[in-house]
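Okay, so here's the structure we're looking at.
Just so we're clear, the structure is a prediction, and the values are computed from it rather than from any experiment.
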Amino acid sequence: MTANEATELRIICADLDARPLFWTGEEGERLGFEPEVGLLLGEVLGRPVRWVFSAWADFVPNLNAGNGDAILCGQGITERRRRLVDFTRPYAVFDESVLTRADSTVTGPDGLAGRRVGAIAGSTNMALAETFKDVGLVPFAGSSDDVLGDMVAALRLGEIDAFVDDDVALVPLAEQPDLRIAFTVPTRNAWGISVAKGDDGLLSALDAALVEVAWDGRLEAVWKRWMPDLAYPFAGAPASDGGGA
């Protein structure tokens with residue numbers, strides 16, 4: 001069977017600019033860490049990849065409706081999500097950071113008391129925000145076309161005082177002169193690829209492919225190409241099954 005004849009691997013993802021994780025180039029090509037991981041796994045499986053764009057809140061409904069085969073788009077492995085989908089072993093591990101305006105004096109969780117803190121509703125980031133004492137939580141809908149952009153705009157407008165997201169997504173934003181990372185929490189959230197409940201064949205195939213590219217160094221090479229300033233989390237061993245992170 002040729003590559004063109006092989007069954008497509010339809011990967012559900014968001015069409016956002018979330019560098020270095022993912023974005024769409026001028027010619028419609030997908031760029032960044034996660035798209036390259038997806039293409040790498042498709043190559044190992046002998047399946048050409050097709051991207052299926054979706055709002056964040058519609059990822060699982062689209063998966064369960066058969067509109068895609070897997071979700072590869074910033075999905076932290078949590079017990080709540082495990083009840084909805086099945087996860088592969090992790091392909092990434094990230095901490096979480098808090099972004100503020102550059103003139104903010106916040107340097108830790110205590111400094112957020114009395115302030116408005118945003119995060120994507122139902123996310124691991126919101127779960128972290130809920131641990132901060134005496135803050136006003138501001139959930140942002142995952143149904144937005146650009147929820148990260150929405151949070152940045154709200155921060156700049158003063159509608160919120162800070163927001164929580166994964167460190168990898170906030171490092172490029174903090175390079176802008178009016179924004180800064182106030183602090184980072186070492187939550188070590190494992191990210192996995194999710195498939196529909198009961199799709200054991202694809203789950204096993206993706207797991208085997210992840211082990212292969214972790215052992216032979218290809219996953220590490222992709223990580224270092226897009227995120228050279230973040231330590232590769234699986235040095236010396238393939239990714240574990242992610243536990244209940």
Side-chain angles (χ1 to χ4, degrees), residues 6-18 21-24 28-94 119-127 139-148 150 165-166 168-169 189-211 213 219 239-245:
T7 303
E8 289 181 326
L9 179 61
R10 300 169 301 159
I11 297 179
I12 296 170
C13 56
D15 189 16
L16 309 177
D17 190 330
L21 288 172
F22 55 84
W23 72 97
T24 302
E29 73 278 21
R30 292 290 282 173
L31 301 169
F33 171 68
E34 288 188 326
E36 191 163 348
V37 170
L39 292 173
L40 181 59
L41 297 178
E43 178 182 331
V44 172
L45 298 177
R47 298 177 63 174
V49 169
R50 177 160 65 87
W51 308 105
V52 179
F53 295 134
S54 171
W56 193 275
D58 295 329
F59 281 176
V60 174
N62 274 320
L63 181 67
N64 289 334
N67 297 327
D69 302 305
I71 302 168
L72 172 51
C73 195
Q75 297 292 286
I77 302 172
T78 67
E79 289 306 317
R80 181 183 66 82
R81 287 178 178 149
R82 282 185 187 274
R83 293 193 289 269
L84 303 174
V85 296
D86 288 332
F87 276 101
T88 64
R89 65 188 60 238
Y91 61 88
V93 178
F94 294 114
I120 299 174
S123 67
T124 54
N125 306 138
M126 180 57 80
F140 284 76
S143 56
S144 167
D145 290 335
D146 185 1
V147 64
L148 180 59
D150 293 343
D165 211 318
D166 300 286
V168 62
N189 289 334
W191 288 15
I193 304 167
S194 55
V195 303
K197 284 286 187 182
D199 194 352
D200 297 335
L202 179 57
L203 184 67
S204 296
L206 288 170
D207 267 337
L210 281 169
V211 169
V213 300
L219 181 60
S240 70
D241 66 3

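- Taking CZ of F53 as the reference point, atom CD1 of I11 lies at 11.0 Å (rounded to 0.5 Å).
- By the salt bridge (charged side-chain N to carboxylate O under 4.0 Å, His left out) test, D165 pairs with no residue at all, sequence neighbours left out.
- Pairing each heavy atom of A205 with each of L45, the nearest pair is O-CD2, 3.6 Å.
- Interatomic distance, L16 CG to W23 CH2, rounded to the nearest 0.5 Å: 13.5 Å.
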Check: residues 55-68 side-chain donor-acceptor pairs under 3.5 Å, at least two apart:
from	atom 1	to	atom 2	distance (Å)
N62	OD1	N67	ND2	2.9
N62	ND2	S54	OG	3.0
N62	ND2	D58	O	3.2

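- In plain terms, the two heavy atoms of F22 and P35 that are nearest each other are CB-CD, 3.6 Å.
- Distance check: L148 CG to D146 CG gives 6.0 Å after rounding to the nearest 0.5 Å.
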task = Decide yes or no on side chain to side chain contact (heavy atoms under 4.5 Å, CB included) for D166 and W191, but give the supporting numbers first.
result = CA-CA 11 Å; D166 300 286; W191 288 15; 3.3 Å; yes
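- Contact detail for V44 and A209: the closest heavy-atom pair is CG1-CB, 3.7 Å.
- Here ring pair (Phe, Tyr, Trp, His ring centres under 6.0 Å) pairs that include residues 31-52, with residues two or more places apart or in two chains, are F33-W223.
- A heavy-atom distance below 4.5 Å is found between the side chains of V37 and L41.
- Within the structure, every pair that satisfies the salt bridge (charged side-chain N to carboxylate O under 4.0 Å, His left out) test and touches residues 28-38, not counting sequence neighbours, is listed here: D15-R30, E36-R225.
- Contact annotation: the side chain of F87 approaches that of R81 to within less than 4.5 Å [non-hydrogen atoms, C-beta and beyond].
- Of all the heavy atoms in Y91 and L219, the pair that sits closest is O-CD2, 4.0 Å.
- The side chain to side chain contact (heavy atoms under 4.5 Å, CB included) with L202 is formed by just one residue from the set L9, I193, T88, D86; it is L9.
- A 4.5 Å side-chain heavy-atom check between K197 and V85 finds every atom pair outside the cut-off.
- In terms of modelled atom types and a separation under 3.5 Å, the side chain of S144 and the main chain of A141 share no donor-acceptor contact.
- In this structure, S194 OG and L203 CG are separated by 10.0 Å, a value rounded to the nearest 0.5 Å.
- Taking CG of L72 as the reference point, atom SG of C13 lies at 7.5 Å (rounded to 0.5 Å).
- Residues passing the ring pair (Phe, Tyr, Trp, His ring centres under 6.0 Å) test with F140, sequence neighbours excluded: none.
- Each salt bridge (charged side-chain N to carboxylate O under 4.0 Å, His left out) pair with one or both residues in residues 61-77, not counting sequence neighbours, appears once here: R10-D69, R47-D69.
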